[in-house]
Amino acid sequence: MCIPHFVNSASQQVLKAAARACQIFKFKPQDPILYEGVENYSIFWILKGSCRAVKLVPFLKRYQTAVPLPPPSNMDDGMKLKKSLSRRYKLAEYEPGVTLLRQSDKVVTQLLTIDELGLGDMFPDMVGVTSQLNGDDLITRLSDTSATRLDSRSYVSIIASSDVEIIGLTRVDYASIATDAMLKESFEATSRLRVPLTVLQQSVLSSAET
């Protein structure tokens, strides 16, 4: 097992236990590996190739009030006016269940790339548990398969960018064999993929203004 996360932090005993618990999966370019919003109770590392983490980000499409203009003098002017009016909208941040919608508002989504993942990178994240949970408490928490678990559904989709090989094991198996140093590294990697919606929305809105 050539994953730095295991080789750098684990003993031979841990490596052997991980080898027994892991499975190897192979994917072709553009194959979906993990779907956003789908329940998942496993954790994966990339052995070969690269992937991208993507997320559907919602935006509010708010149409602006049109300013009355004099009637066009000919058909070409009329077409230009129609096209100009059709573009009079503004994208804004949208928070599901919080943002108030006007009658003319629309909610649209954009597929954004969160990160590029390569050899040794882990996905998805370990949100919903903390480094303060140790031993049996951590395993009990990870064994919970209820829909209320914060990490029961993937925050992003993972798509193969090339021919990819990954290894995976359940979070429970991982917590059972991982050292404290390995768990700490996993917890600290959570923020890499779990970028808040507002941050993603602002990155798009800011680029649109420049």
Side-chain angles (χ1 to χ4, degrees), residues 1-56 111-145 149-196 200:
M1 183 177 294
C2 58
I3 301 298
H5 176 72
F6 288 89
V7 174
N8 296 341
S9 304
S11 64
Q12 286 299 313
Q13 182 179 357
V14 171
L15 290 174
K16 290 178 181 179
R20 289 193 297 268
C22 285
Q23 290 182 280
I24 296 179
F25 305 89
K26 296 182 180 182
F27 298 89
K28 295 294 185 182
Q30 308 308 318
D31 280 352
I33 299 174
L34 203 63
Y35 286 102
E36 176 184 344
V38 174
E39 289 186 0
N40 170 69
Y41 299 102
S42 296
I43 189 168
F44 307 93
W45 288 264
I46 299 175
L47 279 173
K48 174 186 175 183
S50 60
C51 308
R52 64 186 184 278
V54 299
K55 184 170 181 63
L56 277 174
L111 188 66
L112 302 184
T113 297
I114 306 299
D115 206 348
E116 300 286 345
L117 307 176
L119 176 65
D121 286 335
M122 177 192 83
F123 64 87
D125 50 50
M126 290 284 283
V127 72
V129 295
T130 70
S131 56
Q132 276 67 49
L133 289 173
N134 293 307
D136 293 339
D137 290 338
L138 176 57
I139 293 174
T140 299
R141 181 73 181 88
L142 292 174
S143 298
D144 176 14
T145 58
R149 240 183 72 177
L150 289 176
D151 60 344
S152 63
R153 297 180 185 277
S154 178
Y155 186 70
V156 297
S157 296
I158 304 294
I159 310 297
S161 300
S162 63
D163 288 327
V164 172
E165 290 185 18
I166 62 174
I167 60 168
L169 69 167
T170 69
R171 283 190 172 101
V172 172
D173 285 342
Y174 172 68
S176 300
I177 64 177
T179 64
D180 289 344
M182 293 169 67
L183 290 171
K184 183 174 184 292
E185 182 179 324
S186 297
F187 298 140
E188 291 174 347
T190 292
S191 60
R192 179 175 180 180
L193 297 183
R194 195 166 284 266
V195 181
L200 296 172

Roughly how far, to the nearest 0.5 Å, is [atom2] of [Y] from [atom1] of [X]?
| X | Y | atom1 | atom2 | result |
| --- | --- | --- | --- | --- |
| Asn40 | Arg171 | CG | CZ | 5.5 Å |
| Leu34 | Ser42 | CG | OG | 9.0 Å |
| Leu117 | Ile33 | CG | CD1 | 9.0 Å |
| Trp45 | Ile166 | CH2 | CD1 | 11.0 Å |
| Leu119 | Leu47 | CG | CG | 7.5 Å |

For [X], give me all partners under side chain to side chain contact (heavy atoms under 4.5 Å, CB included), at least two apart in sequence or on another chain.
| X | value |
| --- | --- |
| Gln30 | Arg52, Ile159 |
| Ala53 | Ile114, Val156, Ile158, Leu193 |
| Ser191 | none |
| Leu112 | Val57, Gln110, Leu200, Val204 |

Margin query: Can you classify the ring geometry of Phe6 versus Tyr174 as parallel (below 30°), tilted (30 to 60°) or perpendicular (above 60°)?
Written below: perpendicular

Closest contact, heavy atoms only, [X] versus [Y]:
| X | Y | result |
| --- | --- | --- |
| Cys51 | Ser161 | C-OG, 3.6 Å |
| Gly37 | Arg153 | O-NH1, 3.1 Å |
| Met122 | Pro124 | CE-O, 3.7 Å |

Next item on the list: Decide side-chain contact (heavy atoms from CB on, under 4.5 Å) for His5 and Glu185; before the verdict, give the C-alpha distance in whole Å, the side-chain angles of both, and the deciding distance to 0.1 Å.
Entry: CA-CA 8 Å; His5 176 72; Glu185 182 179 324; 3.1 Å; yes

When you measure from the side chain of [X] to the backbone of [Y], do you find a donor-acceptor pair of N or O atoms at a distance under 3.5 Å?
| X | Y | value |
| --- | --- | --- |
| Ser162 | Ser50 | yes |
| Lys55 | Tyr155 | yes |
| Glu36 | Leu56 | yes |

Next item on the list: Before giving the answer on side-chain contact (heavy atoms from CB on, under 4.5 Å), spell out for Ile43 and Leu169 the whole-Å C-alpha distance, their side-chain angles and the decisive distance to 0.1 Å.
Entry: CA-CA 6 Å; Ile43 189 168; Leu169 69 167; 4.1 Å; yes

Sequence neighbours excluded and cut-off under 3.5 Å, please list the side-chain donor-acceptor pairs for residues 19-29, or say none.
none

Next item on the list: Check the pair Val54, Ser157 against side-chain contact (heavy atoms from CB on, under 4.5 Å), reporting the backbone distance first and the verdict last.
Entry: CA-CA 5 Å; Val54 299; Ser157 296; 3.8 Å; yes

Item checked: Residue pairs involving residues 111-120 (criterion side-chain hydrogen bond (donor to acceptor under 3.5 Å, both in side chains); sequence neighbours excluded) -> Asp115-Arg192

